[in-house]
Amino acid sequence: MPVGLFRVCLLVITAIVNHPLFFPKENGTVPENTEEIIQKMKEREESLRLQQLRLEQEIADQEATQKALEKAAVVVEESKEERVRWDMWTALSMVIFLLIELWRQDFQEGNWQDIGGEEDDMAVLGKAFKGVAFPDKAVLASFYEKRILGTTGDMARMREMVEGFADDLLEALRSVCNRDADMEVEDCMGVGSMYENWRVRKPFVCDLIVPFAPPEPYCFRCQTWCSGDAFPPDEQGYGTIKVCRADEDVTGCICDKTKLGEDMLCLLHSQVSSTRPSSEMEDLLCFKNTQYLDADQVMKWFQIAVTKAWNRISHKYEFDLSFSLLDSPGALKIKFKSGKSIAFNLTPVVQYENSDVYFISHFPRSSLAADIPSSTHWFLTFAVYERRFIQLVSKTLPANACHVSCLQILSFLHGKQCSLTGPSGLTNYHLKTVLLHLLQACPSQDWAPEKLEARLQDMLKFLEKCLHEKKLYHFFIGNGNVPAELGFPIIFQRAEPLNLFRPFVLRRDIYRKMVDTFHEMLRNMSALINEYTVHTPLAHTNGIRKEPL
């Protein structure tokens, strides 16, 4: 019983203590805490809503990016397919281009046999020949006989006189030179149109080249553009000449390139032989502080030597000798008391190894070497081989062949046209190069005298083609079909062909002048020939522009 009463009392007390009205002050803050919680819940809800919007935006951006990447991948794939197709067409175009280029080179290397022939006649001539009345065989034969043929005897007499005097002058030159210090001069050789019997225009000028060599113990080491070392394109056709001791290694010793110590000596070269004062090399006509032969120094030495030689033998002759042109140091003129004069060129050259190719210091009256890179660069001349080739081919041609006549007529027409309209880049050497190519391409029987008209047309057609393409290749350089009888150096046959028209590619004004001169010459051809032909019917001049001569 007492225990039960105790439990009831404890329950009552507990109920009274836990009644909410028993502690009114402590429970009065309950409503305020609820509002804060609600406010925080609202803020949390807003924050979650903003995060949800941000996540939705990010998801949308990612989807857009994914779509853009997929679209770009499709574009790249399509471009790859197009590139493959384009590469295939490019490769096919390159193959076609290479085939055309190979065919063109094969055609240019000597397959010109089909360019000639009377069956082609005027039908295959280019636009420049339209409206041009070509002289017939009778007119050409009459013109050649009355205007050109009579000059052959004059050339022979002049050559004989000039050669005799040149030999005497060079003998006197050797006597005034110091054999131990000066260059050694050899006998002269005649080259060019006067010695190939096709020069027609007066005044006649003989071209003589004079090989020379250095005094002992020196020698010349020649290097050409095709000898292996890289030469710039504008130096093709040139070479350099190094003055060395005869006992010097061709490849050079390391003592010549490296400074040895004072207590070290080269086992191959003594100190005396390896040391070359600059004054010694200048005495050997080298460019300052180099071992390379200077063309300007050579010409100055040659002029002084010729002057001394003439002073020694002048008393034997009844004429005066002088240098005729300032820009051509080897141009000499003989003046007789009667007022007449004879001009000739005496040019020093250096022999290339044991061949008849020569390094020439300058070209008188020629634009072949107008832009020489420097005075240590020498142009190579193949004039001796050109003369020998014409002589060799002439032996296989019919009697009285017309090859020389074609070149004479064309040279005459070109000279007359230049006298009317002024000089152009086209030279007689270009005309001779055309003839050399045709001599190798055409059969021997095509050069019979009665085929003069057809062969003259072939030369004009070939020249027109070269002017149109701006390509006229040197006859010997790069020509693998040179007759073996000439003994021509193989190094030049294996070289890249040398384009004689290359200087005119970038000089449009000169090229335009050259083409205009050629076209004008064609239009005036019949008028010029009729002007110098006696008893020629005037019918041949109809439709041709005739200008005063």
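Treat the numbers as computed from the prediction; the structure is a model and nothing was measured.
A salt bridge links Arg455 with Asp458: the distance from a Lys NZ or Arg NE/NH1/NH2 to an Asp or Glu carboxylate oxygen falls below 4.0 Å. By the 4.0 Å N-to-carboxylate-O rule, Lys337 lies too far from Glu318 to be salt-bridged with it. No salt bridge links Asp296 with Lys300; every basic N to acidic carboxylate O contact stays at or beyond 4.0 Å. Of the charged side-chain nitrogens involved, at least one lies within less than 4.0 Å of a carboxylate oxygen, so that Arg523 and Glu520 count as a salt-bridged pair. Ion pairing of Asp182 with Arg174 is absent here, as no side-chain N (NZ or NE/NH1/NH2) approaches a carboxylate O to less than 4.0 Å. Taking the charged nitrogens against the carboxylate oxygens, Asp356 and Arg388 do have a contact shorter than 4.0 Å, which makes a salt bridge. Look at Lys316 and Asp168 and you find a salt bridge, because one of the NZ, NE, NH1 or NH2 atoms lies within 4.0 Å of a carboxylate O, short of that distance.
Using modelled atom types, no side-chain atom of Asp446 and backbone atom of Cys442 make a donor-acceptor pair closer than 3.5 Å. Checking side-chain atoms of Arg199 against main-chain N and O of Pro203 turns up a donor-acceptor pair under 3.5 Å.
At least one side-chain heavy atom of Pro489 sits less than 4.5 Å from a side-chain heavy atom of Tyr385.
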**Request:** Begin with the C-alpha distance, continue with both residues' side-chain angles, and end with the deciding distance and a verdict on side-chain contact (heavy atoms from CB on, under 4.5 Å) for Phe212 and Phe220.
**Result:** CA-CA 10 Å; Phe212 67 96; Phe220 289 145; 4.0 Å; yes
**Prompt:** Taking it one step at a time, do Asp516 and Arg512 satisfy salt bridge (charged side-chain N to carboxylate O under 4.0 Å, His left out)?
**Reply:** CA-CA 6 Å; Asp516 291 343; Arg512 187 71 261 167; 3.2 Å; yes
**Prompt:** Do Phe492 and Tyr352 pass the ring-ring contact (aromatic ring centres under 6.0 Å, His included) test, and can you show the C-alpha distance, the side-chain angles, and the key distance before you say yes or no?
**Reply:** CA-CA 12 Å; Phe492 298 111; Tyr352 174 73; 5.3 Å; yes
**Prompt:** Between Lys465 and Lys471, is a side-chain contact (heavy atoms from CB on, under 4.5 Å) present by the stated rule, with each step listed?
**Reply:** CA-CA 8 Å; Lys465 173 178 175 291; Lys471 290 181 181 179; over 6 Å; no
**Prompt:** ring-ring contact (aromatic ring centres under 6.0 Å, His included) between His437 and Tyr473: does it pass, once the steps are laid out?
**Reply:** CA-CA 9 Å; His437 283 299; Tyr473 290 108; 7.9 Å; no
**Test ring-ring contact (aromatic ring centres under 6.0 Å, His included) applied to His414 and Phe518, step by step** = CA-CA 8 Å; His414 175 255; Phe518 175 74; 9.5 Å; no
**Prompt:** Where do Phe412 and Phe143 land on the ring-ring contact (aromatic ring centres under 6.0 Å, His included) test, with the steps shown first?
**Reply:** CA-CA 11 Å; Phe412 175 84; Phe143 166 75; 5.2 Å; yes
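Evaluation of the salt bridge (charged side-chain N to carboxylate O under 4.0 Å, His left out) rule for Lys395 yields no partner, not counting sequence neighbours. Listed by chain and number, the residues in a salt bridge (charged side-chain N to carboxylate O under 4.0 Å, His left out) with Glu163 amount to none (sequence neighbours excluded).
Residue-environment remark: CD1 (Ile490) exceeds the threshold of 12 foreign heavy atoms within 6.0 Å. Atom CD of Glu184 sits in a crowded spot, with more than 12 heavy atoms from other residues, nucleotides or ligands closer than 6.0 Å. Annotation for Asn400: atom CG does not count as buried by contact number, only 12 or fewer foreign heavy atoms lying within 6.0 Å.
By the 30° and 60° cut-offs, the orientation of the rings of His403 relative to Trp447 is perpendicular. Ring geometry for Trp310 versus Phe319: interplanar angle under 30°, hence parallel rather than tilted (30 to 60°).
For the pairing with Phe379, the ring pair (Phe, Tyr, Trp, His ring centres under 6.0 Å) check across Phe359, Tyr238, Trp225 returns one residue only, Tyr238.
If you check the side chains of Gln417 and Asn524, you find a donor sitting under 3.5 Å from an acceptor.
Closest non-hydrogen pair, Ala166 versus Leu208, comes out as CB-CD1, 3.6 Å. Nearest heavy atoms, Met161 versus Ile334: CE-CD1, 3.9 Å.
When ring centroids are compared, Phe476 and Phe488 come within the 6.0 Å threshold. Ring to ring, His474 and Phe382 are close: their centroids are under 6.0 angstrom apart.
Phe504 does not carry Arg507 over the face of its six-membered ring by the limits of under 6.0 Å from the centre and within 45° of the normal.
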